[in-house]
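Down below is the structure, laid out as C-alpha cells.
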Amino acid sequence: MKYGSFQTLVSRLHIFVPKFTMRLFWTIILVVLYNGCSSEGVNSTLSARPKVVNIGCMVSFNTLVGKVTKVAAEAAVEDINSNPDVLGGTKLNMITLDSNASGFLGIVEAIRFMETDTMAIVGPQSSVIAHVVSNIANELQVPLLSFAATDPSLSSLQYPFFVRTSPSDKYQMEAIAEMVEYYEWREVIAIYIDDDFGRNGIAALADQLAKRRCSISYKAAMRPGATLDDARDALVQVALRESRIMVVHTYPTKGLEIFSMARYLGMIDKGYVWIATNWLSTILDAGSPLPSDEKENLEGAITLRIHTPGSELKQKFVSRWSNLTRKAGLAGSSRMSTYALYAYDTVWLLARAINEFFNQGGKVSFSKDPRLTELNSGSMNLDSMSIFNGGKLLRDNIFKVNMTGVTGPFSFTSEKELFRPTFEVINVVGTGFRKVGYWSEYSGLSIVPPETLYSKPPNRSSSNQQLQSIIWPGQITEKPRGWVFPNNGRQLKIGVPNRASFREFVGKVPGVDSFRGYCIEVFTTAIDLLPYALPYKLVAFGDGHNNPDDTELIRLITAGVYDAAIGDIAITTNRTKMVDFTQPYIESGLVVVAPVKEQNSNAWAFLSPFTPKMWCVTGVFFLIVGTVIWILEHRLNDEFRGPPSKQIVTVLWFSFSTLFTAQRENTVSTFGRIVLLIWLFVVLIINSSYTASLTSILTVQKLSSPITGIESLVNTKEPIGYQWGSFARNYLIQELRIDESRLVPLNLPEDYAKALKDGPSRGGVAAVVDERAYMELFLSSRCQFSILGQEFTKNGWGFAFPRDSPLAVDMSTAILKLSENGELQRIHDKWLSGIACTSQSTKLEVDRLQLKSFSGLFFLCGLACFLALLIYFVMLACQYCQYYPNSEVASESSRSGRLQTFLSFADEKEESVRSRSKRRQLEVTSVRSIDQDASVNGSRTDRSEIYSNRVVSFGESV
C-alpha cells in the first residue's frame with residue numbers, strides 16, 4: 001500500500017467513525033506500523049521456536065562424495081522432520097547449493113545462504129572452499145559443519161565457527177606415521193596436490209614422522225589442475241630418489257591418474273610401497289566397480305578408511321541406501337561410503353544442537369552488519385547479509401552434543417575434534433581389497449576392532465602394535481626394505497682421513513687415487529655383503545702431512561659436503577649428535593703410555609709382598625692372639641704357668657710358631673681352641689698370599705714407572721702428549737679438567753718415542769694419552785714403553801652416515817655378519833698382528849698386598865678374641881664371687897686390697913681353687929654338726945670347745 005492511498009483511506013474513515021472508535025483504530029494502526037517497521041528495519045525477530053528454520057548444505061554435485069553426501073543429508077532432514085520429538089514440532093528447511101568444487105563459487109553460494117536467514121551450513125566438502133567460507137561464517141557468526149573438509153589447519157583458533165564432524169587428517173597422518181615406524185622405515189616421499197588440503201595434510205604428516213625420528217625425504221607437489229604430463233614429470237623425479245615409500249594425498253580422480261602413470265613408469269612393482277590416504281577407500285566404497293586395468297594400477301597399495309563400528313542404527317540406514325539412491329536418481333552408480341554416514345550424523349548433530357538452543361531460550365534473530373551497510377556494494381547487495389545473533393550459543397551447543405549415530409558414539413574433545421578417531425587399514429589385492437588391521441589414537445595399530453580395547457588400559461608399546469600380513473606391489477609378502485640407492489647416476493662421496501701416521505689403519509696409496517689399510521678393507525668387505533650395488537667414491541680429507549680432525553670431517557657430512565665418512569673414526573657422544581654411526585668394528589678406548597724401567601730383585605725383596613702397614617698389623621695380631629691364648633690357658637694349662645720371664649717367652653714362641661703350625665704347647669680350654677682355630681685360618685691365608693707374591697717378585701721380570709694410570713697422571717703437573725686431531729685433547733680438557741698448557745700435540749710415532757724418551761726435563765712428555773688401537777701398534781716395536789693402568793674410556797670405531805640414513809643400518813648388519821663368520825678377525829690379524837714385544841715373563845711392577853685386602857680376616861679374628869675374653873672374664877668374676885663371699889670381700893678395707901685379692905684369684909690355678917672350695921665346704925659341714933651336738937648336750941661351753949678343737953685340727957691338717 002502506497003503512502004498516498006493510505007492517507008485517503010484515513011480521511012474517509014475520519015468522517016464516518018466516532019472519536020472513541022477513531023482512537024482505538026489509531027492504536028491498532030500504530031501497533032501494525034511498529035511491527036511492520038520492525039520487520040523491514042534493522043532487526044528481524046521470529047518466535048522463540050518457529051515452525052521452520054533454515055539450514056544450508058554446500059556440496060559439489062558432480063563429485064562422488066558430493067553425490068552420496070547430498071542423498072544422506074536429505075535423508076537425515078526427512079527423518080528429523082518426520083519425528084516431531086526431535087525439534088519440538090519445528091521443521092528443518094535445508095537449502096542445498098552446488099559449490100562446484102570452486103572457491104569462488106563457494107563464496108557466491110555462501111553469500112546466497114546468508115541472504116536467507118540461515119542458522120547453520122552443512123558443508124562444504126572441500127578444505128579449500130572451507131577456508132574461504134569460514135571467513136564469511138566468522139563474520140556473520142553462522143556455524144559451518146563440514147563432514148569432509150579434513151585439513152587440520154581448519155581446527156585453529158582462526159576459524160571459531162568451523163566445526164569438523166569427521167576425523168581430521170592429523171589423525172590419518174598419525175596412523176600413516178605409525179605404520180612407517182611399525183615397518184621400520186625411516187623416510188617417505190610425499191605426493192600431493194599443492195593447495196590448502198594437500199599442503200597442510202603433508203605438513204601434519206611431517207610432524208608425526210618427526211616424533212618417530214622419521215622424515216619426508218622428498219615432496220612431489222603438483223598444482224591443482226595438474227595434467228598427466230605433470231604427474232609423469234613428478235613421478236620421474238620421485239623414481240630418482242632413494243626412498244621407495246610413497247604417500248599419496250590427493251583427490252580421488254587425480255589419485256587414480258597418479259597410480260596409472262606410476263604403473264606406466266614401472267613403479268607399481270617389487271620394492272615399492274604405496275600408501276594412499278582415505279581418498280582411495282572412498283573410491284573403493286562409493287564408486288562404481290573399477291575397470292580391471294585401474295585395479296591393476298592399485299595392486300598392493302595400502303589405504304585408510306574411517307572406521308565406523310557396527311550397530312543397529314547403521315544397519316538400518318545401510319538397508320535403506322538403495323531406496324534412497326534410487327529415489328535420487330543415482331541407483332547403481334553410488335554406493336555407501338563413510339562420508340555418507342558422517343553427513344547423515346552431521347544433520348542429526350545440528351538438529352539436536354538447535355533443539356537445545358531453543359530449550360535454552362535462544363531466538364532466531366539476525367541483525368545487520370554495520371560494516372557491510374557502510375560499503376557501497378552496488379549490485380552485489382552485501383547489505384542484505386545479516387549476523388546470526390544466536391550463532392555463538394548454537395556453536396557451543398554443537399560442541400556439547402553427545403549422541404550415538406550411525407557412525408557410533410559421537411562427541412567432541414576439548415580441542416573440538418571428534419572423540420577417539422579410528423581408521424581401518426586396507427590392502428588392495430587382486431580384484432578387491434582386504435582389511436589388515438585398525439588404527440586408533442587410543443591403542444595404535446591392532447588387528448582387533450578398537451572399540452573392544454577401550455575397556456582395557458591403553459598399551460602403545462611397540463610389541464603391542466600389530467597388523468596382518470600385507471601383499472605388497474609385485475605380489476610379494478616380504479616387507480620391502482623401503483629404499484634403494486638413488487638411480488640418479490651420482491656416486492656416494494665418502495670422506496676418508498688422509499693420515500700422516502699409523503697408515504696401517506688408513507693410508508692413501510702414493511700416486512694413485514685410492515686408499516688401503518685395515519679400516520678400508522673392513523669397509524669394502526662389508527659393502528660386498530649388501531644386497532644391492534653401492535657406487536661410491538673415496539675422497540681424501542686432509543693434506544697427508546698432519547692428521548686431520550675427525551670431528552671436522554663429521555661436521556662436513558651434516559653440511560652436505562660428504563655423503564659418508566669411513567676410517568679410524570672414534571664414536572663419541574658429540575659426534576653421535578651430528579651423524580649416525582654403524583656398529584663398531586673395533587674397540588679402542590683411551591689409555592696411558594709411559595716409559596718403564598726394568599726392576600731387579602735386591603736383598604730385601606722378601607719384604608716386598610706386604611706394605612709396611614700390613615707388616616705392622618700382622619705382627620701386632622701375632623702378639624694379641626698369643627696374649628689372648630695365654631690368658632685363656634693360664635689357669636688351666638701348666639705349660640702357660642711359671643715365672644714371668646718364662647711366660648713372656650711362651651707367649652712370643654706360641655704366637656709366631658703358628659706360622660709353621662708346630663706349637664709345642666697344647667691348648668686345653670674351649671675358648672682357646674676356638675681362637676686358635678680362627679687364627680690358624682688367618683695365618684693360612686696370609687702365608688699363601690705372601691708365598692704367591694714373593695714367588696712372582698723373585699721369578700717374573702718387572703717393569704716400573706712412577707705413573708700407574710690416568711689418576712696419577714692427572715695429579716702431576718707433567719706435560720702430556722696426545723695425537724694431533726684426536727678427540728683425546730677435548731676429553732682431557734673437558735672431562736678430566738687438565739690444564740690446556742700441559743697438553744702437547746704429537747703427529748708421528750717417531751714424535752711419540754722422542755717425547756717419551758726425553759721426558760719432561762728435556763722438553764718431552766711424561767706420558768702419552770691415545771687410543772688403544774694406535775698404542776698397541778706403536779708398542780709392537782718399542783718395548784721400552786708400556787700401557788699403564790686400565791683403559792679409562794670405552795670407545796669404538798665406526799663408519800659415519802647422515803642422520804636416519806638407512807645405509808647405517810645395512811652396514812651395521814654387514815659388520816655383524818663379518819664378526820660372526822670370523823672375517824673381521826682375519827682382517828685384523830692381516831694388518832695388525834705384528835706385535836713383537838709381547839712376553840709372558842715381562843710385566844709391570846707387582847702391587848704390594850694391601851692391608852684392606854685382609855681387613856675382613858683381621859676383623860673376624862679380633863672379634864673372636866674379644867668375645868672369648870669377654871665370656872672368660874664374666875665367668876671368672878662369677879667364680880670369684882662364689883669362692884669369696886661378700887663378708888670376706890667387705891672385710892678388705894682398701895680398694896687395692898680387693899684388686900690384689902682378685903688378681904691373686906685370677907692367677908691361681910683353677911684346680912687349687914676348686915680344692916680349697918671343697919675344704920671350705922667340709923668346714924661348713926663340720927660347724928653345723930657341732931651346733932647340733934651342742935643343742936643336744938645343752939651346754940654352750942662344750943660347743944665352743946668342740947668348735948675350737950675342730951678349728952685347730954683343721955688348721956693342722958692344712
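Only this structure's heavy atoms are used, side chains among them; waters, hydrogens and symmetry mates stay out. Computed from a predicted model, the values in this text were never measured in an experiment.
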Is there a donor-acceptor contact under 3.5 Å linking the side chains of T551 and N574?
no
Could you check F858, W615, F859, F854 and say which one makes a ring pair (Phe, Tyr, Trp, His ring centres under 6.0 Å) with F621?
F858
Listed by chain and number, what are the side chain to side chain contact (heavy atoms under 4.5 Å, CB included) partners of V744, not counting sequence neighbours?
P719, L746, V765
Are V768 and F785 close enough that some pair of their side-chain heavy atoms sits under 4.5 Å apart?
no
Output, in order, the C-alpha distance, side-chain angles, deciding distance and verdict of ring-ring contact (aromatic ring centres under 6.0 Å, His included) for Y752 and F778.
CA-CA 9 Å; Y752 284 27; F778 171 75; 5.5 Å; yes
If every non-hydrogen atom of P584 is compared with every non-hydrogen atom of I815, which pair is closest and at what distance?
O-CG2, 4.2 Å
Can you tell me if Q825 and D829 form a side-chain donor-acceptor pair at under 3.5 Å?
yes
Minimum side-chain heavy-atom gap L590-Y731 below 4.5 Å
yes
Before accepting this row, confirm whether a basic side-chain N of the pair R772/E587 lies closer than 4.0 Å to the acidic partner's carboxylate O.
no
For atom CD of E552, is the number of surrounding heavy atoms from other residues, nucleotides or ligands below 6.0 Å larger than 12?
yes
Atom OG in S726, atom CG in N547: separation rounded to 0.5 Å?
9.0 Å
Between I707 and A594, the two heavy atoms sitting closest are CD1-CB, 4.3 Å
T576 side chain near I571 side chain, heavy-atom distance below 4.5 Å:
yes
What distance separates D739 CG from L732 CG, expressed to the nearest 0.5 Å?
12.0 Å
Tell me if the CD atom of E740 is crowded by more than 12 foreign heavy atoms within 6.0 Å.
no
Output, in order, the C-alpha distance, side-chain angles, deciding distance and verdict of ring-ring contact (aromatic ring centres under 6.0 Å, His included) for F505 and W831.
CA-CA 8 Å; F505 295 103; W831 291 95; 9.5 Å; no
Any side-chain donor paired with an acceptor under 3.5 Å for R503 and S501?
no
Can you list every pair that meets salt bridge (charged side-chain N to carboxylate O under 4.0 Å, His left out) and has a residue in residues 815-825, with sequence neighbours left out?
E823-R826
Would you mind reporting whether V592 and L713 have side-chain heavy atoms less than 4.5 Å apart?
yes
Test F671 against Y872 for ring-ring contact (aromatic ring centres under 6.0 Å, His included), laying out the working first.
CA-CA 8 Å; F671 293 119; Y872 171 78; 7.9 Å; no
Heavy-atom closest pair (V579 atom, A800 atom, distance to 0.1 Å) is CG2-CB, 3.9 Å
Do you know which two heavy atoms are closest between A766 and P595, and how far apart they sit?
O-CD, 3.7 Å
Are Y774 and W797 an aromatic pair by the rule of ring centers under 6.0 Å?
yes
